[in-house]
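Encoded as structure tokens, the structure appears first; notes follow it.
We name chains A, B, ... by the order of the sequence lines, and we start the count at 1 in each one. FYI, side chains are in, hydrogens and waters are out, and symmetry mates aren't considered; it's all heavy atoms of this structure. Given the structure is predicted, the values throughout are model-derived calculations rather than measurements.
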Amino acid sequence: MDKRYFPDKIVKWYESNKRSLPWRDTRDPYKIWLSEIILQQTRVSQGLPYYLRFIEAYPTVRALAAAPEQEVLRLWQGLGYYTRARNLHKCAKAVVSLHNGEFPRTYETLLSLPGIGEYTAAAIASIAFKQAVAVVDGNVFRVLSRIFGIDTPINSPEGKKQFTALANELVPTAQPDAHNQAVMEFGALFCTPQNPQCDTCIFQKNCFAFSRKMQQALPVKLKLKASRKRYFYYIVLEHRNSLLMRKREQKDIWLGLFDFHLVEKNRPVKPEKILEEEAVKKMVGNDASITISKNYKHILTHQTIFSRFIIVKSDKKIKHVHQNHSFYSLPQIAALPKPVLVSRFLQEHYVL
DNA sequence: AAATCGGGGTA
DNA sequence: TACCCAGATTT
């Protein structure tokens, strides 16, 4: 493929094939920034409802900056990568306090803000402020790799350099915003990871991969390590209309979110066995009735979590409560940010 | 340079 | 099951 013809051709394709999305009808850097943070490692279909809820709850960056962090996390519940939500909030505060409530207009300054890395800085700078800097995301890696025939692994430092250099060589000064979005949209709709639409592709005659039937072989990605298994046993202590919950504070998964007292094992154990552990016995006492839930399987990228919930009902006041634990009424629990797994369990067993 | 972070979709 | 998704941050 001749690099000279690529930008014009793909932008033309974009103009007649792009999806209509709310953050494309605006030049408000706040909305563009919000959409980019939500869409990090997240498909448009999954992120769209969250975007709409955030814009409704916080129409401006000042409104978002003024909100409590827990409220932001609660709105983010179910999206995953919760550091994004905390950085979103931190970034809003930084924009208000350091930049007088207005987003900085250059790649370099945007990059200095929390949660804004190379991709997001390039996206905001080009889309909101028309700076000619290329975005490099999973779509860009894939499209450039296939069309131009680059087999450097995309998750290697050399690959990242090489693809970034090529992308910046291609991005036009005239309309960097349309160009960047065109490449990504093309990757999302046509040049997909599996079963790309090569038979109706405008680049068919110019595509390195198609001419050699290498669509499946490109891009090259080095293998990641295998995932591990974790076995979670949650003690759901029920006292009248309250449940004992705790905020996760350890440096581990779901930091800052609420769940139940957790006993983790590296292999399956009978749930009854968990109740014999010292810490659990202290909390539960002897006169309790026990219900054990079904097994929930939760597949994440680098781990699979098998969870069971052990519901313990007791009329006695619980004395030995662990650190960070306290009782919450059901309406209170509804407002707490929770991992999806815990959220699902609560919906099945309680009316929040 | 490698590890970590979630949840959902797809084949 | 394995891989991917408009990646960023920490170690």
Side-chain angles (χ1 to χ4, degrees), chain A residues 14 18-19 21 23-24 32-51 73 76-88 90-91 110-124 126-127 134-143 153-161 163-164 167 177 179-189 191-196 216 219-230 248 250-257 259 296-305 337-344:
Chain A
Y14 179 65
K18 67 178 176 184
R19 291 168 287 185
L21 297 169
W23 50 85
R24 286 184 177 162
I32 292 166
W33 162 72
L34 176 63
S35 73
E36 293 300 342
I37 302 295
I38 288 176
L39 293 175
Q40 286 168 8
Q41 300 296 105
T42 304
R43 285 185 173 74
V44 167
S45 57
Q46 193 191 355
L48 181 55
Y50 286 85
Y51 171 84
L73 276 172
W76 197 270
Q77 179 179 298
L79 256 187
Y81 290 115
Y82 295 92
T83 298
R84 286 187 294 170
R86 283 187 289 272
N87 281 337
L88 182 83
K90 276 169 67 180
C91 184
L110 287 162
L111 195 55
S112 70
L113 290 166
I116 298 186
E118 293 170 8
Y119 164 78
T120 309
I124 300 171
S126 64
I127 298 169
V135 297
V136 184
D137 74 337
N139 292 305
V140 177
F141 280 124
R142 192 168 56 253
V143 171
I154 60 173
N155 54 347
S156 70
E158 312 87 89
K160 196 181 164 193
K161 262 192 195 171
F163 282 98
T164 302
D177 50 339
H179 177 84
N180 280 336
Q181 294 181 88
V183 180
M184 293 191 286
E185 190 79 337
F186 184 71
L189 298 182
C191 199
T192 51
Q194 311 297 328
N195 306 330
Q216 289 294 339
V220 174
K221 189 170 185 181
L222 271 31
K223 285 203 194 293
L224 303 172
K225 75 166 194 178
S227 79
R228 65 169 169 148
K229 293 179 180 176
R230 302 174 75 176
R248 296 185 65 102
Q250 325 162 29
K251 207 187 78 179
D252 194 1
I253 198 169
W254 302 315
L255 177 66
L257 274 58
D259 63 2
Y296 292 78
K297 188 178 174 185
H298 196 199
I299 301 172
L300 305 179
T301 302
H302 294 112
Q303 54 190 299
T304 301
I305 298 176
K338 302 169 288 289
V340 161
L341 192 68
V342 173
S343 192
R344 272 211 294 267

**Request:** Quick one: label A/Val135 by what it contacts on the DNA or RNA (base, sugar-phosphate, nothing), any heavy atom closer than 4.0 Å.
**Result:** nothing
**Request:** Using a 4.0 Å heavy-atom cut-off across all strands, classify A/Lys297 as base, sugar-phosphate, or nothing.
**Result:** sugar-phosphate
**Request:** Report the nucleotide, chosen from C/dA8, C/dA6, B/dG7, that has the shortest atom-to-atom distance to any side-chain atom of A/Thr120.
**Result:** C/dA8
**Request:** Would you mind classifying the nucleic acid contact of A/Leu79 as base, sugar-phosphate or nothing, using non-hydrogen atoms under 4.0 angstrom?
**Result:** base
**Message:** Rounded to whole Å, how long is the line connecting atom CZ of A/Arg43 with atom P of B/dG6?
**Reply:** 18 Å
**Request:** Pick base, sugar-phosphate or nothing for A/Ile253, based on heavy-atom distances below 4.0 Å to the nucleic acid.
**Result:** sugar-phosphate
**Polar contact flag, side-chain donor to acceptor under 3.5 angstrom, A/Tyr119-A/Gln40** = no
**Message:** Under 3.5 Å, is there any donor-acceptor pair linking the side chain of A/Arg228 to the base of B/dA3?
**Reply:** no
**Asked** Do A/Arg84 and B/dC5 share a donor-acceptor pair, side chain to base, under 3.5 Å?
**Response** no
**Request:** Confirm from the modelled atom types if A/Thr301 and B/dG7 form a donor-acceptor pair under 3.5 Å, side chain to base only.
**Result:** yes
**Message:** Judged by each residue's nearest nucleotide on DNA chain B, which is more toward the 5′ side, A/Glu158 or A/Lys251?
**Reply:** A/Glu158
**Message:** By the 4.0 Å heavy-atom rule, please label A/Lys223 as base, sugar-phosphate, or nothing.
**Reply:** sugar-phosphate
**Message:** Rounding to an integer number of angstrom, what distance separates B/dT4 and C/dA6 when you compare their P atoms?
**Reply:** 24 Å
**Asked** A/Leu39 has an atom CG; how far is it from atom P of B/dG6, in whole Å?
**Response** 18 Å
**Request:** Rounded off to whole Å, could you give me the CD1-to-P distance for the A/Ile37 and C/dC5 pair?
**Result:** 18 Å
**Message:** With nearest nucleotide decided by heavy atoms, which residue, A/Val136 or A/Lys221, maps closer to the 5′ end of DNA chain C?
**Reply:** A/Lys221
**Request:** Under 4.0 Å between any heavy atoms, over every strand shown, what does A/Asp252 touch: base, sugar-phosphate, or nothing? Just pick one.
**Result:** sugar-phosphate
**Nearest-Å distance once atom P is located in both C/dC3 and B/dA3** = 16 Å
**Message:** Classify A/Asn180 by what it touches in the nucleic acid, base, sugar-phosphate, or nothing, heavy-atom distance under 4.0 Å.
**Reply:** nothing
**Asked** Taking the same atom, C1', in B/dG8 and in C/dT9, what whole-Å distance lies between them?
**Response** 23 Å
**Ionic contact status for A/Asp259 with A/Lys338, cut-off 4.0 Å** = no
**Fill in**
A/Trp254 CH2 to B/dG6 P, in whole Å, measures 8 Å
**Message:** Using a heavy-atom cut-off of 4.0 Å across all strands, would you classify A/Gly47 as base, sugar-phosphate, or nothing?
**Reply:** nothing
**Prompt:** Hey, does A/Glu185 reach any base, or is it just sugar-phosphate, or nothing, if we go heavy atoms under 4.0 Å?
**Reply:** base
**Request:** Report which part of the nucleic acid A/Arg344 touches: base, sugar-phosphate, or nothing (heavy-atom distance under 4.0 Å, all strands).
**Result:** sugar-phosphate
**Message:** Nearest whole Å is fine: how far is C/dC5 P from A/His302 NE2?
**Reply:** 13 Å
**Message:** Can you see whether A/Ser126 engages A/Asp177 through a side-chain donor-acceptor pair at a distance of less than 3.5 angstrom?
**Reply:** no
**Request:** Could you check whether A/Gln303 gets within reach of a base, just the sugar-phosphate, or nothing at all, counting any heavy atom under 4.0 Å?
**Result:** sugar-phosphate
**Asked** Do A/Trp76 and A/Tyr50 have ring centres separated by under 6.0 Å?
**Response** no
**Prompt:** Which part of the nucleic acid does A/Ser156 contact within heavy-atom distance under 4.0 Å: base, sugar-phosphate only, or nothing?
**Reply:** nothing
**Item:** Side chain proximity check, A/Leu110 to A/Thr120, heavy atoms < 4.5 angstrom
**Value:** no
**Asked** More 5' along DNA chain C: A/Arg19 or A/Pro114, using each one's nearest nucleotide?
**Response** A/Arg19
**Request:** Decide, yes or no, whether a salt bridge links A/Asp137 with A/Arg142 under the criterion of side-chain N to carboxylate O below 4.0 Å.
**Result:** no
**Message:** Please classify the nucleic acid contact of A/Thr42 as base, sugar-phosphate, or nothing, using heavy-atom distances under 4.0 Å.
**Reply:** base
**Request:** To the nearest Å, give me how far apart CD (A/Gln250) and P (B/dC5) are.
**Result:** 12 Å
**Prompt:** Do A/Glu185 and A/Arg24 sit within salt-bridge range, that is, some charged N less than 4.0 Å from a carboxylate O?
**Reply:** yes
